[in-house]
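Here is the structure we will look at.
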Amino acid sequence: MCLSVPSKVVEIHDDATVTVDTLGVKRRVSCHLICDPLVLGDFVLIHIGFVMNKIDHNDAQESLDLYQQIVAEMELESEQ
């Protein structure tokens, strides 16, 4: 099973790549597998360094909120 965390486009480059922010970690990924143009602020899903698709802002935020809740619960469990 593959888990993809929504990533926000924070920089667009001339070589068909973008820089994304995934929970505070920034990295440059390829846009060669997506036809839709990307703009700053778009949320995307990435697989092995390639943007696979663009996702709705509300869906992305809902997923990010859930991931943050899971991390908080895991941290709480590790303290016990």
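Just so you know, these numbers use all the heavy atoms, side chains as well, and skip hydrogens, waters and symmetry mates.
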Does the side chain of Val20 come within less than 4.5 Å of Arg28's, by heavy atoms? no

Compare all side-chain heavy atoms of His13 with those of Glu11 and state whether any distance is below 4.5 angstrom. yes

Test side-chain contact (heavy atoms from CB on, under 4.5 Å) applied to Val51 and Leu45, step by step: CA-CA 6 Å; Val51 175; Leu45 295 179; over 6 Å; no

For the backbone of Val39 and the side chain of Asp42, can you confirm whether one donor and one acceptor N or O come within less than 3.5 Å of each other? yes

To the nearest 0.5 Å, tell me how far Ser4 OG sits from Met52 CE. 9.0 Å

In short, Thr17 meets Ser30 closest at the heavy-atom pair CG2-CA, 4.1 Å

Using modelled atom types only, decide if a donor and an acceptor are shared between the side chain of Lys8 and the backbone of Leu23 within a distance under 3.5 Å. no

Has Thr19 got a side-chain atom pairing as donor or acceptor with Val10's backbone, closer than 3.5 angstrom? no

So do Val44 and Ile55 actually touch side chain to side chain, heavy atoms under 4.5 Å? no

Between the CG atom in Asn53 and the CG atom in Asp36, the distance rounded to the nearest 0.5 Å is 9.0 Å

Is it true that a side-chain atom of Ser63 and a backbone atom of Asp59 form a donor plus acceptor pair closer than 3.5 Å? yes

Flag yes if Val5 and Ile48 sit in one hydrophobic cluster, no otherwise; membership is Ile, Leu, Val, Met, Phe, Trp, Tyr, and two members link when side-chain heavy atoms are under 4.5 Å apart. no

Rounded to the nearest 0.5 Å, what separates atom CG in Leu40 from atom CD1 in Ile12? 4.5 Å

Tell me, with the steps shown, if Phe50 and Val29 meet side-chain contact (heavy atoms from CB on, under 4.5 Å). CA-CA 6 Å; Phe50 290 90; Val29 295; over 6 Å; no

Is there a side-chain contact (heavy atoms from CB on, under 4.5 Å) between Phe43 and Val9 once you walk through the steps? CA-CA 6 Å; Phe43 281 92; Val9 175; over 6 Å; no

Between Lys54 and Leu38, is any pair of side-chain heavy atoms under 4.5 Å apart? yes

Separation of Glu62 CD from Asp56 CG (nearest 0.5 Å): 9.5 Å

Surrounding CD of Gln61 (heavy atoms of other residues, nucleotides or ligands, distance under 6.0 Å), is the total greater than 12? yes

